[in-house]
J.: 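The structure is given below, and queries will be raised subsequently.
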Amino acid sequence: VQLQASGGGLVQAGGSLRLSCAASGRTFSRYNMGWFRQAPGKEREYVAAISWSGGATDYADSMKGRFTISRSNAKNTMYLQMNSLKPEDTGVYYCAAQTEIEFYSETYSRREEYNLWGQGTLVTVSS
């Protein structure tokens with residue numbers, strides 16, 4: 001499985017963006033997945049996670065109520081809908097998957113819990 005993130009861009013504060021993470025391979029639907037982001041000069045931080053079926057989701061506190069994670073296993077794609085964007089949301093957004101465990105419903109919030117990463121897509125929020 002390989003992951004390809006897209007959908008980033010430049011948006012004004014208060015605006016919205018929808019990120020996508022497309023996965024190659026037929027086993028996408030088996031894995032728990034997540035989104036992380038990295039602002040310039042900062043550590044990569046957790047954004048949101050979703051279980052393999054989509055039945056469980058989790059968010060970092062600062063994203064709750066503004067971001068929505070979802071997935072379409074039929075399309076091998078995970079999404080991150082971001083609303084009410086703030087300048088501090090600026091960064092490179094990465095999608096990740098835990099491919100060593102299949103069909104186990106869990107939402108992982110730590111970087112080390114993921115073993116597969118996409119290349120990232122840049123989100124810039126202007127004030």
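Counting from 1, the numbers follow the sequence of the chain as shown. What you see below is based on every heavy atom in this structure, not just the backbone, and it leaves out hydrogens, waters and symmetry mates.
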J.: What do the steps show when you test S105 against W52 for side chain to side chain contact (heavy atoms under 4.5 Å, CB included), and what is the final call?
T.: CA-CA 6 Å; S105 185; W52 66 272; 4.0 Å; yes
J.: Supply the atom-to-atom distance Q119 CD to S6 OG, rounded to the nearest 0.5 angstrom.
T.: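 If I round to the nearest 0.5 Å, the distance is 8.0 Å.
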J.: Look at D89 together with K86 and state whether they make a salt bridge at an N to O cut-off of under 4.0 Å.
T.: no
J.: Any side-chain heavy-atom pair from Y93 and L122 closer than 4.5 angstrom?
T.: no
J.: To the nearest 0.5 angstrom, please state how far the OH atom of Y79 sits from the CD1 atom of I50.
T.: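 If I round to the nearest 0.5 Å, the distance is 11.0 Å.
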J.: Can you classify the ring geometry of Y114 versus Y108 as parallel (below 30°), tilted (30 to 60°) or perpendicular (above 60°)?
T.: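 Answer is perpendicular, since the angle exceeds 60°.
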J.: Is there a path of hydrophobic side-chain contacts, each under 4.5 Å between heavy atoms of I/L/V/M/F/W/Y residues, joining M33 to F36?
T.: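 No: no chain of side-chain contacts under 4.5 Å links F36 to M33.
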J.: With no hydrogens and no angle check, is any side-chain donor or acceptor of N32 less than 3.5 Å from a backbone partner on Y104?
T.: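 It does hold such a pair.
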J.: Report all side-chain donor-acceptor pairs from residues 7-21 shorter than 3.5 Å, counting only partners two or more places apart or in another chain.
T.:
unit_1 : atom_1 : unit_2 : atom_2 : d
S16    : OG     : N83    : OD1    : 2.9

J.: In Å, rounded to the nearest 0.5 Å, how long is the span from CD of E45 to OH of Y94?
T.: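 E45 atom CD to Y94 atom OH measures 12.5 Å (nearest 0.5 Å).
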J.: Does F28 have R71 sitting over its ring (NZ/CZ under 6.0 Å from centre, angle to axis within 45°)?
T.: yes
J.: Under the criterion side-chain contact (heavy atoms from CB on, under 4.5 Å), which of T107, L80, V47 is the partner of I69?
T.: L80
J.: So, S72 side chain and T77 main chain: donor-acceptor pair closer than 3.5 Å or not?
T.: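 No; zero donor-acceptor contacts below 3.5 Å.
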J.: Quick one: CD on E112 to CD on Q98, what's the gap to the nearest 0.5 Å?
T.: 11.5 Å
J.: Check this for me: does any side-chain nitrogen of one of E43 and R111 sit under 4.0 Å from a carboxylate oxygen of the other?
T.: yes
J.: Does Y31 reach the side chain of V1, with side-chain heavy atoms less than 4.5 Å apart?
T.: yes
J.: Could you measure the distance from the OG atom of S53 to the CG atom of N73? Nearest 0.5 Å is fine.
T.: 8.0 Å
J.: Any donor and acceptor pair, going by atom type alone, linking the side chain of Y46 with main-chain N or O of A49 inside 3.5 Å?
T.: yes
J.: Quick one: disulfide bond (SG atoms under 2.5 Å apart) pairs with a partner in residues 41-71, sequence neighbours left out?
T.: none
J.: Which distance, rounded to the nearest 0.5 Å, do you find between the CE of M82 and the CH2 of W35?
T.: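 Answer for the CE-CH2 pair, M82 versus W35, is 8.0 Å.
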J.: Side chain to side chain donor-acceptor pair (under 3.5 Å) with E102: which residues, sequence neighbours excluded?
T.: R30
J.: State whether the number of non-hydrogen atoms from other residues, nucleotides or ligands found under 6.0 Å of Q2 atom CD is greater than 12.
T.: no
J.: Which atom names give the shortest non-hydrogen contact between T99 and L116, and what distance separates them?
T.: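 In this case the closest contact between T99 and L116 is CG2-CD2, 3.9 Å.
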